[in-house]
Undergrad: 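Attaching a single structure in structure tokens format; questions to follow.
Each chain gets a letter, A, B and so on, in the order the sequences are listed, and its residues count up from 1.
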Amino acid sequence: MTDDDVTTAAGEPVVPSADDELARSLAIAVLGVPGVLQTYDARPVVAAVVADAASALRTGLGAGLPLVKPVPLTPSSPIAVSRGAAGLSVTVKIAVSEERPAAATCRDVYAVVADAVAALPEGGDVDTISVQISRIG
Amino acid sequence: MTDITGDDRHDDILDVYGDYLDRGEQPPAELIEASAENQLAWAALLRVRDAAGSLVDLEAEAAENPLASGWVESILANVQREVRSGRSIPLTHPSPRARLTVTEAAVLGLVRAAGDSVDGVLIGRCVLDGDVEQPGAPVRVRVEASVFWGENIPDRAEALRAAIAHTLLEHTELTVESIDVTVTDVHLRRQAPVDGDGLAPADGDGIAPGDGDGIAPGDGDGSAR
Amino acid sequence: MGAEPLPRPRPCHDHGPCHDHGGRTLAEASDRILAGRAADGDLRAFEVLVRRHGPLMRAYAARVLGSNSEVDDVVQETFITAWKKLPTLDDLSVVKSWLMRIVNRKAIDRIRARHDDRPLLDWDDETPPEQGPEKQAEAQSQREQLKGALDRLPEAQKQCWVMKEVGGFSYEEISEELGVPPSTVRGLLARARKTLIREMEEWR
């Protein structure tokens, strides 16, 4: 969780970090790939717990303080985005349909993520893009 | 009321009887009839065993107390949190930045679904034998299965093998060296999902397989690729 | 989302047989087949095992614990442990006795906790408070009389008796599970039997 996650005193809506924004847009893109049934939480367990707690805190703040504009509940994306020395890493875990070859769906998901990352205005190096199929059918 | 266990001799004979019973044997009649004490002790032991019968018969008690539905569901909900993904099986990609994998659990689920699509068999344990984490490494798929009574075992095993080979070829990049099907048992199928005896044999015109224990039709010869 | 990847959660309801998409049922499958599927992550197969053996586990846990308050917890823990460890079970056909062993161990752990984890033999000195004669006279049947007598046994004797007579464990298994030599098990069992016989005779 970053400072960006905290509601400002003036009650401005929360501004999610760029990576959170990216993760959310990737989740939507991945779910649009033919054959993808579902995404699973790919964040490391601790990160997921912290993010969910932060999300719950924001909702709580919104409910408790009427002056602060209630923040819509925006659950963190299950897609994990992280930055290291070698660049950006993205991890996606999915369930795929058995209607089409699972390996083909997996490659399409990779392509969608790679394209989205390449289209980022700030650009930057990409380290790895991991796509894991956790269930078929 | 006579305290028949008050003396050591009585205790001794109970120990002797106990040893026989623990070995699953009856004490010899000569021993029981050797004295009045022995007879009394034997009668007392039998009374306890009779009374213990209902305490010991858990099966009967269990049959009268099926689990409540919510109770089972809470176990299943807890169990679902325990993720067992198994090994990561790679899928190839030209980009060095791509890490594409399918979990072992997903592949096992796939094999199970393929098995369930074959009429007349029920698939059991499935093992992917080989270094599945290395691309191209040869893999032996070993599955256990139960065949419904009345079905032709070699025929069903072959259908199962074909279905598994097909699904693995379609969805994974595993180099399947063989698919070994071991039929571990033959079981009866209910005619309808109605409680009751339900033990009518299958509507089978097939050959009665008899005892299917340990039959492994075509074990090892089922090359899938 | 949020949840980790799961085996297909398709739980069956009530006590009806579980149908797969082929319309066949797992309910008549052997323990070996079901345990194999569950080891590979099939939740429906595991559910059949729970329904098939759960009542027996519960009845056994009730004998060992002598109370109902902890029985459900112990049985639930047993199945959760079983789910985790099923992939390591070599002989899938013995899943029932394997479950019995787990439930036995979990129940004994509870009893140990009641005794502050002191060694088993220490408990043998402690006889639970005697019930009054009126209470005993209330027992309507030999079964209830024996049940009462069993409840009054020192805990270590009771454990041995229940494991031997109810659980069907051998001397060696009891010795292993309780962590005492087989000769001690034999002694505890002999004393349990004598006490039970004496109580039954007094009641006559």
Undergrad: Quick one: what part of C:Leu92 sits under 4.5 Å from any heavy atom of chain B, side chain, backbone, both or neither?
TA: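 Interface part for C:Leu92: side chain.
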Undergrad: If you count heavy-atom pairs under 4.5 Å with chain B, which of C:Val75, C:Asp72, C:Ile80 comes out on top?
TA: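 Heavy-atom pair counts peak at C:Asp72.
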Undergrad: From the options C:Leu86, C:Asp31, C:Asp91, C:Val103, select the one residue that forms a side-chain contact (heavy atoms from CB on, under 4.5 Å) with C:Trp98.
TA: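 For C:Trp98, the side-chain contact (heavy atoms from CB on, under 4.5 Å) check succeeds only for C:Leu86.
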Undergrad: Counting only non-hydrogen atoms closer than 4.5 Å, does C:Ala38 touch chain B with its backbone (N, CA, C, O), its side chain (CB onward), both, or neither?
TA: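 For C:Ala38, the backbone is the part near chain B, not the side chain.
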Undergrad: C:Trp83 ring centre to B:Arg84 NZ or CZ under 6.0 Å, with the angle to the axis within 45°?
TA: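 Geometry flag: set, cation within 6.0 Å and 45°.
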Undergrad: With a 4.5 Å cut-off on heavy-atom pairs, point out which of C:Ala190, C:Ala149, C:Gly54, C:Ala45 contacts chain B the most.
TA: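 Option with the greatest count: C:Gly54.
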Undergrad: With only heavy atoms counted, which part of C:Leu150 is less than 4.5 Å from chain B, the side chain, the backbone, both or neither?
TA: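 For C:Leu150, the contact with chain B is made by the side chain alone.
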Undergrad: Look up atom CD1 in B:Ile32 and atom CG in B:Asn38, then write down how far apart they are to the nearest 0.5 Å.
TA: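 The CD1 atom of B:Ile32 sits 8.5 Å away from the CG atom of B:Asn38.
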Undergrad: I need the single residue from C:Asp73, C:Thr81, C:Thr78 that forms a side-chain hydrogen bond (donor to acceptor under 3.5 Å, both in side chains) with C:Lys106. Which is it?
TA: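 Looking at C:Asp73, C:Thr81, C:Thr78, the match for C:Lys106 under the side-chain hydrogen bond (donor to acceptor under 3.5 Å, both in side chains) is C:Thr81.
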Undergrad: Supply the atom-to-atom distance C:Glu199 CD to C:Arg152 CZ, rounded to the nearest 0.5 angstrom.
TA: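 Nearest 0.5 Å value for the CD-CZ distance: 4.0 Å.
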Undergrad: So which residue, B:Ser74, B:Gly86, B:Cys126, ends up with the most heavy-atom pairs under 4.5 Å with chain C?
TA: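 It is B:Cys126.
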Undergrad: Considering only heavy atoms, which portion of B:Ala106 lies under 4.5 Å from any heavy atom of chain C: side chain, backbone, both, or neither?
TA: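 Nothing of B:Ala106, per the 4.5 Å heavy-atom cut-off to chain C.
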Undergrad: Hey, could you give me the CZ/CD1 distance between B:Arg125 and C:Ile33, rounded to the nearest 0.5 Å?
TA: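 These two atoms lie 12.0 Å from each other.
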Undergrad: A quick test of your reading: do over 12 heavy atoms of other residues, nucleotides or ligands sit less than 6.0 Å from CZ of C:Arg186?
TA: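 Check fails, neighbour count at 12 or below.
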Undergrad: Taking every non-hydrogen pair under 4.5 Å, which of C:Glu77, C:Arg58, C:Met57, C:Gln76 racks up the most with chain B?
TA: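 Heavy-atom pairs under 4.5 Å are most numerous for C:Gln76.
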Undergrad: Show the numbers, then the answer: is there a side chain to side chain contact (heavy atoms under 4.5 Å, CB included) between C:Arg37 and B:Ile123?
TA: CA-CA 7 Å; C:Arg37 294 176 73 106; B:Ile123 196 167; 3.4 Å; yes
Undergrad: Side chain from CB out, backbone as N, CA, C, O: work out which of these in B:Leu45 comes under 4.5 Å of a heavy atom of chain C, or both, or neither.
TA: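 For B:Leu45, the contact with chain C is made by backbone and side chain together.
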Undergrad: Which one of C:Pro87, C:Gly168, C:Ala35 has the most heavy-atom pairs closer than 4.5 Å to chain B?
TA: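 Option with the greatest count: C:Pro87.
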Undergrad: Sort out for me which of B:Ile75, B:Val143, B:Asn78, B:Val111 touches chain C most, counting heavy-atom pairs under 4.5 Å.
TA: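 Greatest number of close heavy-atom pairs with chain C: B:Ile75.
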